[in-house]
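Structure record follows, encoded as structure tokens.
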Amino acid sequence: MVSRLKNTSKLSNLINGWVENRLDDEDYITLTDYFKSRPLLKTFAEQSKGGKQVLRNAYSVTAADDFEEKLARRIAVEKNDESVSNHPNL
Amino acid sequence: MGLATMDIQTSSAIQFDQLSNEDLMEHFQSGHEQAFNLLVKRFKDRLHNFLYRYTHNHQDCEDLVQETFLRVYRSKHSYERIAKFSTWMYTIALNLAKSEYKKKQRMTTVTIHKDEEDSEDRAMKLEATDILPDDSLHEKMCMNELEKALKELSEDFREVVILRDIQQLAYDEIANITDLPMGTVKSRINRGRSQLQTLLKKHVYPETISA
């Protein structure tokens with residue numbers, strides 16, 4: 001099992017899965033066994049999980065109520081500029 | 001029915017809100033502005049949430065979101081359905097954010113957030129040379145700890161962590177947006193999350209592990 005995890009790509013996948021709680025039973029057991037002999041790796045994975053949770057719980061930034069209105073005005077100005085510059089008499 | 005054969009006059013009968021983002025983009029390319037408006041509705045909050053992590057300022061963030069949508073509007077014909085619409089749009093947004101971030105770094109200023117409970121207080125920017133190297137001064141700054149940690153996170157880690165954990169994009173989509181191999185994306189996400197947590201706790205671990 002341990003030799004299987006010497007492939008860093010596989011290990012990275014397993015840690016991603018562990019952090020995101022989406023490992024199947026077999027992979028979960030493989031990784032938690034591996035953690036026993038690699039305490040620093042376990043610390044790293046736990047830190048990673050903590051960082052993810054902080055972001056997931058972070059407050060959400062949303063658009064202002066008049067965002068669409070302001071965007072529509074900018075688009076209208078741009079269209080107007082375009083039609084002026086494409087005017088045959090100019 | 002192919003879009004090319006669809007008469008614009010039938011657009012009122014189209015149930016735009018039930019279409020995928022990619023379908024909406026094709027309708028927009030065919031001249032239906034309503035489809036663009038719906039894409040704006042779908043993505044305006046997500047883009048604000050994404051770009052705020054780069055600007056740390058609501059006005060700058062709104063400007064960048066508007067600029068992103070304007071570029072989508074202007075460049076509608078450069079979108080090809082081989083890519084997901086969100087991947088294409090996030091690539092535009094990320095490039096804008098990166099160039100804005102570099103511009104800001106050159107300015108070397110730090111934003112002092114206003115105290116929300118003080119109606120007379122206002123956000124301000126200080127030149128870096130005005131900041132004293134005094135920890136207690138930094139502690140007094142009303143900065144959100146998470147924003148501060150995100151700012152400190154290296155750019156390589158920050159972009160993938162934000163795309164994954166705030167925007168909740170799939171790994172393959174993040175790989176396309178950042179133009180990185182999938183393995184690098186996964187590794188950077190792990191390391192970025194870990195570094196973020198370290199920054200938040202203000203601990204420094206002497207050992208580093210590359211996963």
Side-chain angles (χ1 to χ4, degrees), chain A residues 5-23 27 31 34-35 37-82 85, chain B residues 33 36-37 40-41 43-53 58-59 61-62 65-67 69-70 73-74 144-147 149-150 153 157 161-162 164-166 168 171 181-201 203 205 207-211:
Chain A
L5 295 185
K6 287 195 173 152
N7 175 335
T8 52
S9 166
K10 174 71 181 168
L11 181 57
S12 193
N13 271 335
L14 286 182
I15 292 175
N16 279 124
W18 185 83
V19 167
E20 296 174 3
N21 296 319
R22 53 175 175 75
L23 287 186
D27 283 342
L31 188 65
Y34 193 64
F35 280 159
S37 60
R38 300 282 190 285
L40 282 177
L41 183 66
K42 189 179 179 199
T43 304
F44 170 80
E46 284 170 347
Q47 291 262 101
S48 184
K49 195 172 217 168
K52 175 193 164 288
Q53 278 164 353
V54 166
L55 285 172
R56 193 51 63 86
N57 297 336
Y59 66 87
S60 167
V61 179
T62 53
D65 291 343
D66 60 351
F67 175 81
E68 287 173 59
E69 199 184 308
K70 283 195 265 185
L71 178 63
R73 277 204 298 267
R74 281 189 68 178
I75 289 172
V77 167
E78 192 154 311
K79 275 164 120 180
N80 193 38
D81 286 350
E82 216 170 78
S85 63
Chain B
E33 297 239 346
F36 173 76
N37 294 340
V40 171
K41 270 191 205 309
F43 284 96
K44 63 179 181 175
D45 286 340
R46 278 194 262 177
L47 275 181
H48 272 82
N49 216 13
F50 174 57
L51 290 169
Y52 188 77
R53 268 72 200 183
H58 286 284
Q59 188 55 56
C61 172
E62 183 172 298
V65 177
Q66 288 223 2
E67 191 55 40
F69 282 126
L70 275 175
Y73 190 92
R74 285 183 205 131
N144 178 289
E145 289 302 316
L146 175 59
E147 284 171 28
L150 275 171
L153 201 61
F157 293 162
V161 164
I162 290 173
R164 178 67 185 168
D165 288 336
I166 295 179
Q168 299 179 30
Y171 286 107
M182 181 88 89
T184 307
V185 167
K186 289 183 173 177
S187 167
R188 283 189 184 181
I189 287 172
N190 278 333
R191 293 167 68 192
R193 285 168 173 165
S194 178
Q195 199 180 87
L196 181 71
Q197 181 74 338
T198 306
L199 286 167
L200 284 167
K201 286 183 172 177
H203 289 320
Y205 289 92
E207 301 88 353
T208 55
I209 301 158
S210 62

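Reckoned from all heavy atoms, side chains included, excluding hydrogens, waters and symmetry mates. Sequence lines set the chain letters: A, B, ... in the order given, protein chains first and strands last, and positions in each chain run from 1.
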Spatial distance of atom CZ (B:R191) from atom OG (A:S12) [nearest 0.5 Å]: 9.5 Å
For B:H48 against A:V61, the heavy-atom pair lying closest together: CB-O, 3.9 Å
Portion of B:V65 that has a non-hydrogen atom of chain A nearer than 4.5 angstrom: both
Heavy atoms from other residues, nucleotides or ligands near NZ of B:K41 exceed 12 (cutoff 6.0 Å): no
Pairwise side-chain contact, B:R74 with A:E78, heavy-atom cut-off 4.5 Å (strictly under): yes
Interface moiety of B:F50 toward chain A, non-hydrogen atoms closer than 4.5 Å: neither
Under 4.5 Å from any heavy atom of chain B - which part of A:E20: side chain
Main-chain N/O of A:A63 paired with B:D45 side-chain donor or acceptor, under 3.5 Å: yes
Chain A contact via B:L47 - which portion, at a heavy-atom distance below 4.5 Å: neither
Any donor-acceptor pair under 3.5 Å from B:N190 side chain to A:S48 backbone: no
Side-chain heavy atoms of A:T62 within contact of B:N49, under 4.5 Å: no
Pairwise distance CG(B:D165) to CD(A:Q53) - rounded to 0.5 angstrom: 10.0 Å
Pairwise distance CD(A:Q47) to CG(B:L199) - rounded to 0.5 angstrom: 9.5 Å
Full working for side-chain contact (heavy atoms from CB on, under 4.5 Å) between B:V40 and A:F67: CA-CA 10 Å; B:V40 171; A:F67 175 81; 4.1 Å; yes
Distance in Å, B:Y171 OH paired with A:N16 CG, rounded so as to fall on 0.5 Å steps: 3.5 Å
Which residues share a side-chain hydrogen bond (donor to acceptor under 3.5 Å, both in side chains) with A:N13, sequence neighbours left out: B:K186
Qualifying residues under salt bridge (charged side-chain N to carboxylate O under 4.0 Å, His left out), relative to A:K49, sequence neighbours excluded: none
Smallest separation among heavy atoms of B:Q66 and A:L71, with atom names: NE2-N, 3.6 Å
B:Q197 and A:E46, any side-chain heavy atoms less than 4.5 Å apart: no
Residue pair A:V19, B:R193: steps toward the side-chain contact (heavy atoms from CB on, under 4.5 Å) verdict: CA-CA 10 Å; A:V19 167; B:R193 285 168 173 165; 3.3 Å; yes
Min side-chain heavy-atom separation B:Y73-A:R74 under 4.5 Å: no
Straight-line distance of B:Q195 CD to A:F44 CZ, nearest 0.5 Å: 9.5 Å
